[in-house]
Amino acid sequence: MNELLTQVFGLIGVGLVGFVFFLFLAPLETLSWWTGLYNRRNKDRTKLAKPKDIVMPPIKPAPHYIIFLDGIAKVARDNYEDVQKFLDRLEKNLPGAVVIGSVLPYSVTNRPLTSARPLARYWRWAKARKTGNYKDLIGFSINIRNMFQVIVSADSRYGPIYNLGAARLIIEPLLKKGYPIGSGVPVTLIGYSGGAQVAAGAAPYIKELLRAPVDLISLAGVISADPGLNDVRFLYHLAGSKDGVENIGAVLCPGRWPILPNSSWNRAKRAGKFTYVPMGPMKHNGEGSYLDDKAALGNGKNFLEHTLETVTFIIKQPEAVRAKRVKKGKLEYLFDPLGPESPHIKGAL
Amino acid sequence: MSEAIQLFLLTVGRTLRLEPAVFQDMQLSDEGLRLALFTILFAGLSSQVGHSVILIANRVRPPRFAMSIGVGSAFYLFNVSIWSLSIWLLGRLFFKDVTYWEVLNVVGLAQAPHLFGFLVLLPFLGVPLGWLLSLYSLLAMLVGIQVVFDVPFYLALGVSGLGWVVLQIFQRTIGQPITTLAHRVRTRVAGLEDLRETIDAHALLEQAEVRLERETGGLV
């Protein structure tokens with residue numbers, strides 16, 4: 001018994017030391033990018049395209065730009081099947097709008113985990129395993145690696161630097177797709193899980209550099225009390241009742257506790273920027289999640305369809321959402337797409 | 001040499017365990033003050049490393065970075081000396097006539113928790129950890145003050161609290177030029193026009209716009 005206890009404590013100890021060690025290393029990519037150390041070593045890799053490459057024969061600006069920042073399972077610019085399906089159908093729902101899903105929010109040097117990195121081979125292996133089985137432990141190491149980057153984004157000191165790097169990655173494809181700077185065309189960031197934190201952090205830079213109104217749709221987002229929330233016009237937080245992850249930010253970030261009424265989160269909440277959108281019995285990821293097209297709601301609609309319709313409605317008719325929301329719940333306002341009012345969603349499509 | 005290191009580690013360990021006897025032993029030992037000074041020096045270095053994100057945010061070059069850490073540690077020593085001075089004056093006034101060095105000894109040794117100050121670098125956990133270290137250090141100091149002035153805990157708390165108030169008043173009045181000077185020195189050592197003491201999006205953007213311009217040929 002004693003031996004078992006020693007082993008258990010030994011394991012916990014090793015885990016803790018490992019955690020602290022990797023947490024220590026987590027900001028290094030950001031810092032080496034910011035100080036220019038990284039660029040000197042890898043001259044061509046990290047440079048963003050020059051405007052002469054960006055500004056192609058004038059593209060007609062779209063009426064709306066949407067950037068999807070995937071959760072911490074993302075490894076490269078291409079997407080997992082379910083995410084891509086969601087993006088393709090969202091694009092169909094929003095004719096004319098630009099939908100961008102290629103940004104990897106967890107590398108400020110804009111390098112996929114699967115190439116041009118010392119551990120690229122490992123990450124390719126992990127990705128292959130993850131694609132076969134999303135519960136795979138090796139595959140899950142991708143999530144842990146990216147979770148550390150979300151922690152860096154949420155840190156009050158590293159965060160502003162990391163989020164500037166992330167904002168550059170978002171701004172580049174926007175410009176390539178012809179975003180007209182200063183035109184006031186809305187930019188909507190959809191952040192899934194940890195992607196929502198990066199989106200909130202990047203918001204002030206996008207707003208300032210593109211002079212654009214920035215809205216955030218948090219798909220089960222894990223968000224800290226990021227100062228960037230002050231620069232978000234509206235935040236819609238979509239969360240399922242079986243999701244045990246989306247609430248982590250609310251629990252772990254002191255700025256989200258009611259005892260700090262002057263935190264950026266609580267100020268934005270009081271200003272009525274937040275809308276809570278309950279999504280029914282959806283889970284955070286995998287089977288039964290927001291992007292699952294097998295699981296279905298009571299009305300026969302599958303989860304993916306419902307998520308799509310809700311997101312589409314928010315993007316197409318934000319005024320209607322805000323008009324129909326009621327003062328209720330932990331985010332001050334609530335909009336229930338599954339409530340008795342739900343038929344209006346159909347009307348919107 | 002190794003004996004000295006051993007003694008240092010042993011003393012630090014005893015301080016971290018908040019043993020009152022360690023402060024007593026140090027008062028009697030010839031090595032006491034030297035050990036206290038070493039503690040301040042290393043604690044200062046470590047906590048300066050812990051707070052160096054601000055230097056990185058300001059893009060201070062490596063040699064300047066090292067110099068800034070050194071100068072920061074010197075300021076740390078200065079702060080501990082002034083803090084000891086105010087406690088010494090108040091203690092003499094209310095309790096017992098001891099030498100300044102005895103108080104510096106206690107306050108210096110009580111910096112031991114800040115030897116872990118480099119952990120403040122940890123993302124997310126670092127800042128609250130820094131507060132915990134300060135609290136830990138304060139506790140060690142209270143134990144030491146009890147010993148050196150031979151007073152109960154609440155009086156030790158009272159005198160250090162009052163000492164803190166005196167220090168705050170000092171910093172905001174006659175200390176103001178010193179604070180300004182310190183900032184100027186830090187800026188100078190870092191080799192910058194202005195060392196920004198906070199990191200936020202709008203400040204970084206000012207710095208970054210130039211950078212984005214250079215990298216993208218004028219993004220904005």
Side-chain angles (χ1 to χ4, degrees), chain A residues 19-27 30-32 34-37 39 46-54 148-165 167-168 171-172 175 181-182 201-205 207-211 224 226-228 230-231 252-254, chain B residues 46-66 68-69 116-133 190-192 195-220:
Chain A
F19 178 79
V20 168
F21 178 72
F22 284 112
L23 196 56
F24 243 119
L25 298 186
T30 305
L31 297 181
S32 68
W34 173 249
T35 53
L37 223 63
N39 286 3
T46 54
K47 277 208 176 137
L48 288 176
K50 293 234 162 71
K52 62 173 167 14
D53 310 325
I54 294 175
F148 280 118
Q149 296 305 305
V150 175
I151 293 176
V152 173
S153 166
D155 183 273
S156 60
R157 305 151 299 166
Y158 301 109
I161 304 176
Y162 181 94
N163 297 327
L164 171 60
R168 288 178 358 141
I171 287 171
E172 185 188 323
L175 291 179
I181 297 174
Y205 300 108
K207 180 185 167 194
E208 182 97 10
L209 291 170
L210 298 182
R211 300 199 291 284
S224 73
D226 200 286
N230 292 326
D231 291 307
L252 289 185
C253 302
Chain B
S46 183
S47 60
Q48 289 302 308
V49 169
H51 289 97
S52 64
V53 188
I54 201 81
L55 295 173
I56 299 171
N58 280 279
R59 291 213 191 94
V60 175
R61 301 260 136 242
R64 296 280 187 170
F65 183 87
S68 299
I69 297 283
F116 297 99
F118 68 94
L119 288 175
V120 172
L121 279 181
L122 282 175
F124 200 70
L125 297 180
V127 175
L129 207 65
W131 298 337
L132 280 182
L133 290 178
L192 301 170
L195 180 76
R196 287 175 184 282
E197 303 273 6
T198 51
I199 312 173
D200 63 61
H202 297 282
L204 285 183
L205 214 47
E206 267 179 46
Q207 263 175 288
E209 260 172 300
V210 181
R211 187 179 170 79
L212 284 173
E213 211 166 355
R214 201 173 63 222
E215 276 183 13
T216 66
L219 188 59
V220 284

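None of these values were measured; they are calculated from a predicted model. Lettering of chains follows the sequences in order, A, B, ..., and the numbering in each one begins at 1.
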inquiry  = So which atom in B:V53 and which in A:R157 form the shortest heavy-atom distance, rounded to 0.1 Å?
reply    = CG1-CB, 3.9 Å
ask   = Does A:Y158 use its side chain to pair, donor to acceptor, with the backbone of B:L121 at less than 3.5 Å?
value = yes
message = Measuring from atom CD1 of B:I199 to atom OG of A:S156, what distance do you get when rounded to the nearest 0.5 angstrom?
response = 7.5 Å
ask   = Side chain, backbone, both or neither: which part of A:D231 has a heavy atom under 4.5 Å from chain B?
value = side chain
request  = Could you grab the distance from atom CD1 of A:I161 to atom CZ of B:R59, nearest 0.5 Å is fine?
outcome  = 8.5 Å
inquiry  = Could you measure the distance from the CG atom of B:L125 to the CD1 atom of A:I151? Nearest 0.5 Å is fine.
reply    = 7.0 Å
Side chain / backbone / both / neither for B:F118 at chain A, heavy atoms under 4.5 Å = both
key: Max heavy-atom pair count under 4.5 Å with chain A, selected residue of B:I56, B:D200, B:L119   = B:I56
message = Quick check for you: to the nearest 0.5 Å, what is the distance between B:F124 atom CZ and A:L23 atom CG?
response = 10.0 Å
request  = Report, as yes or no, whether the 6.0 Å neighbourhood of atom CZ on B:F116 holds more than 12 heavy atoms from other residues, nucleotides or ligands.
outcome  = no
ask   = With a 4.5 angstrom heavy-atom cut-off, which part of A:Y162 approaches chain B: side chain, backbone, both or neither?
value = neither
remark   = CG of B:L122 to CG of A:L25, rounded to nearest 0.5 Å, is 10.0 Å
inquiry  = Show the nearest heavy-atom pair for residues B:A201 and A:P160, with the distance to one decimal.
reply    = N-CB, 4.2 Å
